[in-house]
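Remarks on the structure that follows.
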Amino acid sequence: MDRIAVFPGSFDPITRGHESIIRRALPLFDKMIVAIGENGEKRSFFPLERRLEWLHQIFGREPGIIIATYTGMTIDFCRRENAGFILRGLRTSADFEFERSIGQMNKLMHPDIETVFFLCAPEYASVSSSIVRDIIKNGGDVGQFVPDGITI
Ligand code: ADP
């Protein structure tokens with residue numbers, strides 16, 4: 001059976017931190033679905049089309065990576081896609097606490113799906129989409145925080 005992982009996120013915008021986790025984890029899986037979760041309650045800064053376009057620019061020619069969007073629970077999306085793994089990145093203990101409850105509740109609901117955590121690379125430990133957004137709102141240059149080859 002293929003090892004299929006979902007890397008869910010808002011990617012609002014995608015950062016070098018996200019890109020690094022995806023590339024480091026890719027060899028573990030036969031297929032990775034990088035998926036933008038559309039959550040009705042959480043309004044994004046960048047429109048979905050823009051966020052999708054960046055993912056296609058960065059990973060579109062990468063064998064083994066599929067770009068997708070979904071609504072509803074990540075775990076249900078995994079079931080629909082036959083994915084056995086959810087990939088998440090950890091930067092801080094706050095990330096860990098947040099991810100722990102979601103991961104454990106997911107485990108109770110769907111014991112067959114495993115959440116896999118990757119420790120953030122040290123150089124990206126402070127990189128977050130929310131701070132990148134703040135820099136953009138204030139007219140700063142975010143080139144060093146977002147993947148090469150995309151224009152924000
Ligand atoms: P969400 O809204 O689901 O938290 P994000 O797009 O903010 O979506 O993040 C998606 C995943 O990427 C999460 O697991 C998050 O912890 C991880 N992540 C975010 N920034 C970084 C980073 N700098 N390094 C490693 N992982 C990161």
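Keep in mind it's a predicted model, so treat the numbers as computed, not measured. Any value given below was found using the heavy atoms of this structure, including those in side chains, with hydrogens, waters and symmetry copies removed. Counting convention: from 1, in listed order, for ligands and their atoms alike.
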Between R91 and ligand 1, find which residue part has any heavy-atom pair under 4.0 Å and reply side chain, backbone, both or neither.
-> side chain

How does F118 reach ligand 1, if at all, at less than 4.0 Å between non-hydrogen atoms: by side chain, backbone, both, or neither?
->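 It is neither part, as no heavy atom is under 4.0 Å.
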
Min heavy-atom dist P8 to ligand 1 below 4.0 Å | yes

Give the atom numbers and elements of ligand 1 that come within less than 4.0 Å of a heavy atom of [X].
| X | value |
| --- | --- |
| G17 | 22 (C), 23 (N), 24 (N), 25 (C) |
| I21 | 25 (C), 26 (N) |
| S10 | 1 (P), 2 (O), 5 (P), 6 (O), 8 (O) |

Return yes when atom CE of M105 has more than 12 non-hydrogen atoms of other residues, nucleotides or ligands closer than 6.0 Å, and no otherwise.
-> no

Should F45 and K137 count as side-chain neighbours, where that means a heavy-atom distance under 4.5 Å?
-> yes

Which of these, [options], has its nearest heavy atom closest to [atom]?
| atom | options | result |
| --- | --- | --- |
| atom 17 (C) of ligand 1 | A94, G89, G9 | G89 |
| atom 4 (O) of ligand 1 | R51, E19, R24, R88 | R88 |
| atom 12 (O) of ligand 1 | R16, E99, H18 | H18 |
| atom 6 (O) of ligand 1 | F96, F145, F11 | F11 |

Any donor and acceptor pair, going by atom type alone, linking the side chain of [X] with main-chain N or O of [Y] inside 3.5 Å?
| X | Y | value |
| --- | --- | --- |
| D12 | F46 | yes |
| T15 | V146 | no |
| R88 | P8 | yes |
| R24 | C120 | no |

Write out the residue and atom name of the closest protein heavy atom to atom 11 (C) of ligand 1, then the distance separating them to 0.1 Å.
->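 Answer for atom 11 (C) of ligand 1: F7 CZ, 3.6 Å.
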
Can you tell me the protein heavy atom closest to atom 24 (N) of ligand 1 and the distance?
->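 In this structure, atom 24 (N) of ligand 1 has C120 SG, 3.3 Å as its nearest protein heavy atom.
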
Salt bridge check, [Y] against [X]: does any charged N sit closer than 4.0 Å to a carboxylate O?
| X | Y | result |
| --- | --- | --- |
| E114 | R3 | no |
| R50 | E53 | no |
| R16 | E123 | no |

Parallel under 30°, tilted from 30 to 60°, perpendicular over 60°: which one fits the rings of F29 and F85?
-> tilted

So, is [X] polar-close to ligand 1, with some N/O to N/O distance under 3.5 Å?
| X | result |
| --- | --- |
| V127 | yes |
| T15 | no |
| S129 | no |

